[in-house]
Amino acid sequence: MMLIPTHHFRDIERKPEYLQPEKCAPPPFPGPTGAMWFIRDGCGIACAIVTWFLVLYAEFVVLFVMLVPSRDYAYSIINGIVFNLLAFLALASHCRAMLTDPGAVPKGNATKEFIESLQLKPGQVVYKCPKCCSIKPDRAHHCSVCKRCIRKMDHHCPWVNNCVGENNQKYFVLFTMYIALISLHALIMVGFHFLHCFEEDWTKCSSFSPPTTVILLILLCFEALLFLIFTSVMFGTQVHSICTDETGIERLQRTKQPREQSGSWKSVQEAFGGNFSLNWFNPFTRPCQPETPIDKGLVRQVSSLSDVDNMETAESQLEATKDRDSVEVLDE
(Lines give C-alpha, C1' and ligand atoms only; values in the text may rest on other atoms or scores of the structure.)
Protein backbone atom coordinates (compact mmCIF):
# COMPACT_ATOMS: atom_id res chain seq x y z
CA MET A 1 0.00 0.00 0.00
CA MET A 2 1.44 3.35 -0.93
CA LEU A 3 0.48 7.01 -1.04
CA ILE A 4 -0.09 8.81 -4.32
CA PRO A 5 0.89 12.47 -3.72
CA THR A 6 -1.37 14.41 -6.08
CA HIS A 7 -0.62 17.89 -4.71
CA HIS A 8 2.06 19.09 -2.39
CA PHE A 9 -0.42 20.26 0.22
CA ARG A 10 -2.31 16.96 0.06
CA ASP A 11 0.73 14.79 0.72
CA ILE A 12 -0.55 14.24 4.22
CA GLU A 13 1.19 10.93 4.97
CA ARG A 14 4.58 12.63 4.70
CA LYS A 15 3.49 15.20 7.27
CA PRO A 16 2.41 13.00 10.19
CA GLU A 17 1.96 16.02 12.40
CA TYR A 18 -1.02 17.05 10.26
CA LEU A 19 -2.85 13.72 10.01
CA GLN A 20 -1.93 11.08 12.56
CA PRO A 21 -4.12 8.03 12.00
CA GLU A 22 -2.46 6.19 14.87
CA LYS A 23 -3.89 8.82 17.22
CA CYS A 24 -7.40 8.53 15.82
CA ALA A 25 -9.77 7.02 18.32
CA PRO A 26 -11.76 4.01 17.09
CA PRO A 27 -15.07 5.08 15.51
CA PRO A 28 -17.83 5.32 18.13
CA PHE A 29 -20.71 2.87 17.96
CA PRO A 30 -23.36 4.52 15.79
CA GLY A 31 -26.34 5.82 17.69
CA PRO A 32 -29.92 5.08 16.66
CA THR A 33 -31.22 6.81 13.55
CA GLY A 34 -32.95 10.05 14.46
CA ALA A 35 -31.02 10.50 17.71
CA MET A 36 -30.69 14.01 19.13
CA TRP A 37 -28.17 16.22 17.37
CA PHE A 38 -27.31 19.81 18.25
CA ILE A 39 -24.56 22.11 16.99
CA ARG A 40 -23.08 24.44 19.61
CA ASP A 41 -22.48 27.41 17.32
CA GLY A 42 -23.20 30.88 18.69
CA CYS A 43 -24.15 32.40 15.35
CA GLY A 44 -26.40 29.47 14.45
CA ILE A 45 -28.14 29.49 17.84
CA ALA A 46 -28.74 33.25 17.54
CA CYS A 47 -30.18 32.84 14.03
CA ALA A 48 -32.45 30.02 15.21
CA ILE A 49 -33.72 32.17 18.09
CA VAL A 50 -34.35 35.08 15.69
CA THR A 51 -36.29 32.74 13.40
CA TRP A 52 -38.58 31.66 16.22
CA PHE A 53 -38.98 35.24 17.43
CA LEU A 54 -40.06 36.44 13.97
CA VAL A 55 -42.57 33.61 13.59
CA LEU A 56 -43.99 34.31 17.05
CA TYR A 57 -44.15 38.04 16.24
CA ALA A 58 -46.18 37.24 13.13
CA GLU A 59 -48.39 35.02 15.28
CA PHE A 60 -48.98 37.87 17.73
CA VAL A 61 -49.88 40.44 15.06
CA VAL A 62 -52.14 38.07 13.12
CA LEU A 63 -54.05 36.98 16.23
CA PHE A 64 -54.25 40.08 18.41
CA VAL A 65 -54.18 42.84 15.80
CA MET A 66 -56.20 41.36 12.94
CA LEU A 67 -58.24 38.28 13.89
CA VAL A 68 -59.36 38.69 17.52
CA PRO A 69 -60.74 42.26 17.08
CA SER A 70 -62.58 41.23 13.91
CA ARG A 71 -66.38 40.98 14.13
CA ASP A 72 -66.47 38.41 11.35
CA TYR A 73 -66.13 35.29 13.48
CA ALA A 74 -66.08 32.83 10.58
CA TYR A 75 -63.24 34.77 8.93
CA SER A 76 -61.28 34.87 12.20
CA ILE A 77 -61.75 31.20 13.04
CA ILE A 78 -60.88 29.86 9.57
CA ASN A 79 -57.83 32.07 9.09
CA GLY A 80 -56.73 31.52 12.67
CA ILE A 81 -56.79 27.74 12.27
CA VAL A 82 -54.99 27.82 8.92
CA PHE A 83 -52.29 30.25 10.03
CA ASN A 84 -51.64 28.51 13.35
CA LEU A 85 -51.48 25.09 11.69
CA LEU A 86 -48.96 26.30 9.11
CA ALA A 87 -46.92 28.12 11.78
CA PHE A 88 -46.86 24.99 13.96
CA LEU A 89 -45.70 22.84 11.03
CA ALA A 90 -43.05 25.43 10.14
CA LEU A 91 -41.60 25.48 13.66
CA ALA A 92 -41.80 21.70 13.93
CA SER A 93 -39.93 21.36 10.63
CA HIS A 94 -37.35 23.86 11.89
CA CYS A 95 -36.79 21.79 15.04
CA ARG A 96 -36.45 18.57 13.06
CA ALA A 97 -34.00 20.17 10.60
CA MET A 98 -31.97 21.57 13.50
CA LEU A 99 -31.97 18.52 15.78
CA THR A 100 -31.57 15.72 13.21
CA ASP A 101 -28.18 14.29 12.33
CA PRO A 102 -27.75 15.42 8.69
CA GLY A 103 -25.65 12.37 7.85
CA ALA A 104 -22.42 12.79 9.79
CA VAL A 105 -19.62 10.35 9.05
CA PRO A 106 -18.29 8.58 12.18
CA LYS A 107 -15.27 10.44 13.57
CA GLY A 108 -11.95 8.74 14.00
CA ASN A 109 -12.37 5.86 11.55
CA ALA A 110 -9.27 6.80 9.51
CA THR A 111 -7.18 4.29 11.42
CA LYS A 112 -4.69 1.90 9.86
CA GLU A 113 -6.67 -1.08 11.14
CA PHE A 114 -9.98 0.16 9.73
CA ILE A 115 -8.44 0.98 6.33
CA GLU A 116 -6.88 -2.48 6.18
CA SER A 117 -10.25 -4.02 7.06
CA LEU A 118 -11.70 -2.47 3.89
CA GLN A 119 -9.41 -4.79 1.88
CA LEU A 120 -8.75 -2.34 -0.93
CA LYS A 121 -8.31 -3.87 -4.35
CA PRO A 122 -6.15 -2.51 -7.20
CA GLY A 123 -7.67 0.70 -8.53
CA GLN A 124 -9.61 1.45 -5.34
CA VAL A 125 -8.97 4.53 -3.22
CA VAL A 126 -10.15 6.04 0.05
CA TYR A 127 -10.12 9.72 0.95
CA LYS A 128 -9.15 10.72 4.47
CA CYS A 129 -10.28 13.97 6.06
CA PRO A 130 -7.50 15.38 8.26
CA LYS A 131 -9.85 17.68 10.14
CA CYS A 132 -12.18 15.11 11.68
CA CYS A 133 -9.87 12.12 11.21
CA SER A 134 -12.44 10.16 9.22
CA ILE A 135 -12.68 8.50 5.83
CA LYS A 136 -14.81 10.60 3.50
CA PRO A 137 -17.47 8.65 1.61
CA ASP A 138 -18.36 9.59 -1.93
CA ARG A 139 -20.30 12.91 -2.08
CA ALA A 140 -19.41 13.75 1.53
CA HIS A 141 -17.89 17.12 2.49
CA HIS A 142 -16.37 18.52 5.66
CA CYS A 143 -18.30 21.28 7.43
CA SER A 144 -16.10 23.67 9.36
CA VAL A 145 -19.03 24.64 11.62
CA CYS A 146 -20.28 21.14 12.47
CA LYS A 147 -16.66 19.92 12.46
CA ARG A 148 -17.79 16.71 10.78
CA CYS A 149 -17.92 15.24 7.29
CA ILE A 150 -21.55 15.18 6.11
CA ARG A 151 -22.99 12.79 3.54
CA LYS A 152 -24.55 14.57 0.55
CA MET A 153 -23.96 17.92 2.23
CA ASP A 154 -25.85 20.66 0.39
CA HIS A 155 -24.84 23.62 2.57
CA HIS A 156 -24.65 24.77 6.18
CA CYS A 157 -27.66 26.90 7.07
CA PRO A 158 -27.27 29.17 10.12
CA TRP A 159 -31.06 29.68 10.26
CA VAL A 160 -31.51 26.04 11.27
CA ASN A 161 -28.09 25.87 12.96
CA ASN A 162 -27.22 22.74 11.07
CA CYS A 163 -25.98 21.32 7.80
CA VAL A 164 -28.52 20.26 5.20
CA GLY A 165 -27.63 16.68 4.29
CA GLU A 166 -29.19 13.41 3.23
CA ASN A 167 -30.97 12.79 6.57
CA ASN A 168 -32.59 16.19 7.18
CA GLN A 169 -33.11 17.68 3.71
CA LYS A 170 -36.80 16.79 3.86
CA TYR A 171 -37.28 18.83 7.03
CA PHE A 172 -35.42 21.80 5.58
CA VAL A 173 -37.59 21.71 2.44
CA LEU A 174 -40.74 21.56 4.59
CA PHE A 175 -39.47 24.43 6.74
CA THR A 176 -38.93 26.70 3.72
CA MET A 177 -42.28 25.69 2.23
CA TYR A 178 -44.32 26.33 5.38
CA ILE A 179 -42.56 29.64 6.08
CA ALA A 180 -43.31 30.75 2.51
CA LEU A 181 -46.98 29.76 2.96
CA ILE A 182 -47.49 31.59 6.25
CA SER A 183 -45.70 34.64 4.80
CA LEU A 184 -48.05 34.66 1.82
CA HIS A 185 -51.06 34.12 4.09
CA ALA A 186 -49.98 36.97 6.38
CA LEU A 187 -49.52 39.35 3.41
CA ILE A 188 -53.01 38.56 2.12
CA MET A 189 -54.56 39.12 5.57
CA VAL A 190 -52.66 42.41 6.02
CA GLY A 191 -53.98 43.61 2.66
CA PHE A 192 -57.58 42.77 3.59
CA HIS A 193 -57.15 44.35 7.03
CA PHE A 194 -55.88 47.63 5.57
CA LEU A 195 -58.83 47.76 3.16
CA HIS A 196 -61.24 47.06 6.01
CA CYS A 197 -59.71 49.73 8.25
CA PHE A 198 -59.76 52.35 5.48
CA GLU A 199 -63.49 51.78 5.02
CA GLU A 200 -64.26 51.94 8.75
CA ASP A 201 -62.99 53.82 11.76
CA TRP A 202 -59.43 52.76 12.65
CA THR A 203 -60.34 52.73 16.33
CA LYS A 204 -62.86 49.94 15.69
CA CYS A 205 -60.69 47.59 13.62
CA SER A 206 -58.03 46.96 16.25
CA SER A 207 -57.67 46.86 20.02
CA PHE A 208 -54.48 48.94 19.68
CA SER A 209 -54.23 52.64 18.87
CA PRO A 210 -54.20 53.49 15.14
CA PRO A 211 -50.47 54.47 15.05
CA THR A 212 -49.48 51.28 16.87
CA THR A 213 -51.68 49.19 14.58
CA VAL A 214 -50.15 50.72 11.45
CA ILE A 215 -46.57 50.19 12.72
CA LEU A 216 -47.24 46.55 13.67
CA LEU A 217 -48.87 45.82 10.31
CA ILE A 218 -46.09 47.50 8.30
CA LEU A 219 -43.43 45.56 10.19
CA LEU A 220 -45.34 42.32 9.61
CA CYS A 221 -45.76 43.16 5.92
CA PHE A 222 -42.04 43.85 5.53
CA GLU A 223 -41.09 40.65 7.40
CA ALA A 224 -43.55 38.50 5.45
CA LEU A 225 -42.41 39.88 2.08
CA LEU A 226 -38.74 39.32 2.94
CA PHE A 227 -39.34 35.78 4.18
CA LEU A 228 -41.59 34.94 1.25
CA ILE A 229 -38.91 35.85 -1.29
CA PHE A 230 -36.07 34.20 0.61
CA THR A 231 -37.81 30.92 1.47
CA SER A 232 -39.42 30.60 -1.97
CA VAL A 233 -35.98 30.82 -3.59
CA MET A 234 -34.54 28.31 -1.11
CA PHE A 235 -37.50 25.96 -1.60
CA GLY A 236 -37.08 26.05 -5.38
CA THR A 237 -33.33 25.52 -5.09
CA GLN A 238 -33.75 22.52 -2.80
CA VAL A 239 -36.42 20.90 -4.97
CA HIS A 240 -34.19 21.40 -8.00
CA SER A 241 -31.26 19.81 -6.14
CA ILE A 242 -33.37 16.81 -5.20
CA CYS A 243 -34.78 16.33 -8.70
CA THR A 244 -31.36 16.59 -10.36
CA ASP A 245 -29.64 14.58 -7.61
CA GLU A 246 -26.97 17.27 -7.30
CA THR A 247 -26.19 19.13 -4.10
CA GLY A 248 -25.33 22.80 -3.91
CA ILE A 249 -21.65 22.03 -3.30
CA GLU A 250 -21.61 19.70 -6.30
CA ARG A 251 -23.07 22.42 -8.50
CA LEU A 252 -20.21 24.70 -7.47
CA GLN A 253 -17.71 21.92 -7.91
CA ARG A 254 -18.93 20.63 -11.28
CA THR A 255 -16.57 17.67 -11.13
CA LYS A 256 -15.92 15.88 -14.40
CA GLN A 257 -15.71 12.43 -12.88
CA PRO A 258 -18.62 10.15 -13.91
CA ARG A 259 -21.25 9.69 -11.21
CA GLU A 260 -24.40 7.65 -11.43
CA GLN A 261 -27.45 9.84 -11.01
CA SER A 262 -30.81 8.45 -9.99
CA GLY A 263 -33.94 9.55 -11.77
CA SER A 264 -35.85 12.64 -10.73
CA TRP A 265 -38.80 10.81 -9.19
CA LYS A 266 -36.55 8.26 -7.48
CA SER A 267 -34.51 11.07 -5.93
CA VAL A 268 -37.68 12.73 -4.61
CA GLN A 269 -38.89 9.43 -3.15
CA GLU A 270 -35.56 8.89 -1.41
CA ALA A 271 -35.57 12.40 0.04
CA PHE A 272 -39.17 12.37 1.30
CA GLY A 273 -39.63 8.67 1.92
CA GLY A 274 -41.49 6.22 -0.29
CA ASN A 275 -44.39 6.82 -2.61
CA PHE A 276 -46.32 10.07 -2.54
CA SER A 277 -48.48 10.44 0.56
CA LEU A 278 -49.42 12.98 3.20
CA ASN A 279 -46.37 11.86 5.16
CA TRP A 280 -44.27 13.82 2.69
CA PHE A 281 -45.65 16.98 4.32
CA ASN A 282 -45.40 15.67 7.87
CA PRO A 283 -42.27 16.83 9.76
CA PHE A 284 -42.82 14.12 12.38
CA THR A 285 -42.16 11.24 9.99
CA ARG A 286 -38.63 10.62 8.77
CA PRO A 287 -37.70 9.50 5.26
CA CYS A 288 -38.12 5.73 4.92
CA GLN A 289 -34.50 5.23 3.93
CA PRO A 290 -32.59 2.12 4.98
CA GLU A 291 -30.06 2.73 7.71
CA THR A 292 -26.79 3.82 6.12
CA PRO A 293 -23.99 1.25 6.59
CA ILE A 294 -20.85 2.64 8.20
CA ASP A 295 -18.71 1.69 5.22
CA LYS A 296 -21.12 2.90 2.51
CA GLY A 297 -19.29 4.82 -0.21
CA LEU A 298 -15.95 4.79 1.63
CA VAL A 299 -14.11 2.98 -1.17
CA ARG A 300 -14.02 4.63 -4.59
CA GLN A 301 -13.04 3.05 -7.87
CA VAL A 302 -10.69 4.75 -10.33
CA SER A 303 -9.49 3.46 -13.70
CA SER A 304 -6.08 5.10 -13.53
CA LEU A 305 -3.91 7.26 -11.32
CA SER A 306 -4.71 10.23 -13.55
CA ASP A 307 -8.34 9.91 -12.47
CA VAL A 308 -7.23 10.33 -8.87
CA ASP A 309 -5.38 13.48 -9.85
CA ASN A 310 -8.41 14.83 -11.75
CA MET A 311 -10.71 14.23 -8.79
CA GLU A 312 -8.27 15.84 -6.39
CA THR A 313 -7.82 18.85 -8.68
CA ALA A 314 -11.58 19.38 -8.89
CA GLU A 315 -11.92 19.18 -5.11
CA SER A 316 -9.01 21.51 -4.54
CA GLN A 317 -10.64 24.27 -6.58
CA LEU A 318 -13.45 24.44 -4.05
CA GLU A 319 -11.85 23.24 -0.82
CA ALA A 320 -8.13 23.98 -1.19
CA THR A 321 -8.06 26.02 1.97
CA LYS A 322 -10.68 24.32 4.10
CA ASP A 323 -10.77 20.60 3.40
CA ARG A 324 -7.48 18.89 2.56
CA ASP A 325 -7.59 15.16 2.05
CA SER A 326 -5.10 12.39 1.49
CA VAL A 327 -5.59 9.45 -0.84
CA GLU A 328 -4.53 5.91 -0.08
CA VAL A 329 -4.47 3.31 -2.86
CA LEU A 330 -3.14 -0.13 -3.61
CA ASP A 331 -0.03 -0.35 -5.72
CA GLU A 332 -1.10 -1.92 -8.97
Side-chain angles (χ1 to χ4, degrees), residues 39 41 43-44 47-48 50-52 54-55 86-87 89-104 138-146 149-187 223-255 259-273 276 280-283 286-287 289 314-315 317-319 322-323:
I39 301 300
D41 175 56
C43 177
C47 288
V50 169
T51 300
W52 274 68
L54 292 175
V55 173
L86 292 176
L89 291 173
L91 294 178
S93 300
H94 182 271
C95 282
R96 291 305 299 271
M98 180 171 60
L99 301 177
T100 299
D101 180 351
D138 189 25
R139 306 185 69 185
H141 299 275
H142 185 86
C143 175
S144 58
V145 179
C146 297
C149 285
I150 308 296
R151 294 179 183 268
K152 288 183 68 174
M153 175 181 169
D154 187 87
H155 68 286
H156 184 92
C157 179
W159 297 104
V160 297
N161 188 35
N162 201 359
C163 278
V164 178
E166 68 175 5
N167 290 344
N168 68 343
Q169 190 171 30
K170 168 189 174 178
Y171 308 128
F172 183 75
V173 172
L174 292 181
F175 168 66
T176 57
M177 182 184 74
Y178 287 128
I179 290 294
L181 289 176
I182 65 173
S183 299
L184 179 62
H185 190 196
L187 283 173
E223 174 197 339
L225 185 61
L226 210 60
F227 267 78
L228 176 61
I229 295 173
F230 176 71
T231 54
S232 296
V233 171
M234 289 301 302
F235 175 77
T237 302
Q238 289 299 303
V239 171
H240 179 266
S241 294
I242 293 173
C243 291
T244 58
D245 192 27
E246 185 179 48
T247 66
I249 291 179
E250 289 167 349
R251 280 200 305 275
L252 294 175
Q253 222 170 7
R254 292 295 182 191
T255 55
R259 179 176 62 84
E260 181 183 353
Q261 293 189 359
S262 48
S264 298
W265 186 244
K266 182 180 178 182
S267 300
V268 175
Q269 287 178 317
E270 289 178 354
F272 289 92
F276 178 79
W280 280 22
F281 308 97
N282 184 0
R286 62 185 180 87
Q289 297 176 339
E315 280 202 10
Q317 292 175 354
L318 180 68
E319 303 181 63
K322 74 169 190 175
D323 191 8

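Each residue takes its place number in the sequence, starting with 1.
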Discussion item. Is any side-chain heavy atom of C95 closer than 4.5 Å to one of W52?
Written reply: yes
Here the gap from L181 atom CG to L228 atom CG, rounded to the nearest 0.5 Å, amounts to 9.0 Å
Shortest non-hydrogen pair, C143 vs C146, comes out as SG-N, 3.3 Å
Distance col, row Y171:OH vs N282:CG, nearest 0.5 angstrom, shows 9.0 Å
Interatomic distance, CD@E246 vs CZ@R139, rounded to 0.5 Å, equals 8.0 Å
For M98, is there any backbone N or O sitting under 3.5 Å from a side-chain donor or acceptor partner on N168? no
Exercise. Look at the rings of F276 and W280 and say which category their plane angle falls in: under 30° parallel, 30 to 60° tilted, over 60° perpendicular.
Key: perpendicular
Item checked: Donor-acceptor contact present, side-chain N162 to main-chain T100, <3.5 Å -> yes
* Are K152 and D245 close enough, and set up right, to give a salt bridge (Lys or Arg N to Asp or Glu O under 4.0 Å), and what steps lead you there? -> CA-CA 10 Å; K152 288 183 68 174; D245 192 27; 3.6 Å; yes
Quiz item: Are any non-hydrogen side-chain atoms of D154 and F172 less than 4.5 angstrom apart?
Solution: no
Between M153 and I249 the two heavy atoms that sit nearest each other are O-CD1, 3.7 Å
Note to self: Between T51 and F175, is there a side-chain heavy-atom distance shorter than 4.5 Å?
What the structure shows: yes
*Side-chain contact, heavy-atom cut-off 4.5 Å: N161 with C47?*
no
Taking E250's backbone N and O only, do any of them form a donor-acceptor pair with H141's side chain (distance below 3.5 Å, no angle check)?
no
Of all heavy-atom pairs linking L187 and A224, the shortest is CG-CB, 3.7 Å
Notebook entry, point to check: Counting distance only, does the side-chain N/O of Y178 pair as donor-acceptor with the main-chain N or O of F281 below 3.5 Å?
Noted result: yes
dist S241:OG -> M234:CE (nearest 0.5 Å) comes out at 8.5 Å
Is there a side-chain contact between T237 and R251 (heavy atoms, below 4.5 Å)?
yes
**Test item: D101 side-chain N/O and A104 main-chain N/O as donor-acceptor pair under 3.5 Å** = yes
CD1 of I242 to OG1 of T247, rounded to nearest 0.5 Å, is 11.5 Å
When rounded to the nearest 0.5 Å, the distance separating NE2 of H155 from CD1 of I150 is 12.5 Å
Requested in this report: Check the pair V164, Q238 against side-chain contact (heavy atoms from CB on, under 4.5 Å), reporting the backbone distance first and the verdict last.
Outcome: CA-CA 10 Å; V164 178; Q238 289 299 303; 3.9 Å; yes
Could you tell me whether the side chain of V50 reaches within less than 4.5 Å of the side chain of W159, counting heavy atoms only?
yes
Contact check, side chains of C243 and V268, non-hydrogen atoms, under 4.5 Å:
yes
Item to complete: Compare all side-chain heavy atoms of R96 with those of L174 and state whether any distance is below 4.5 angstrom.
Response: no
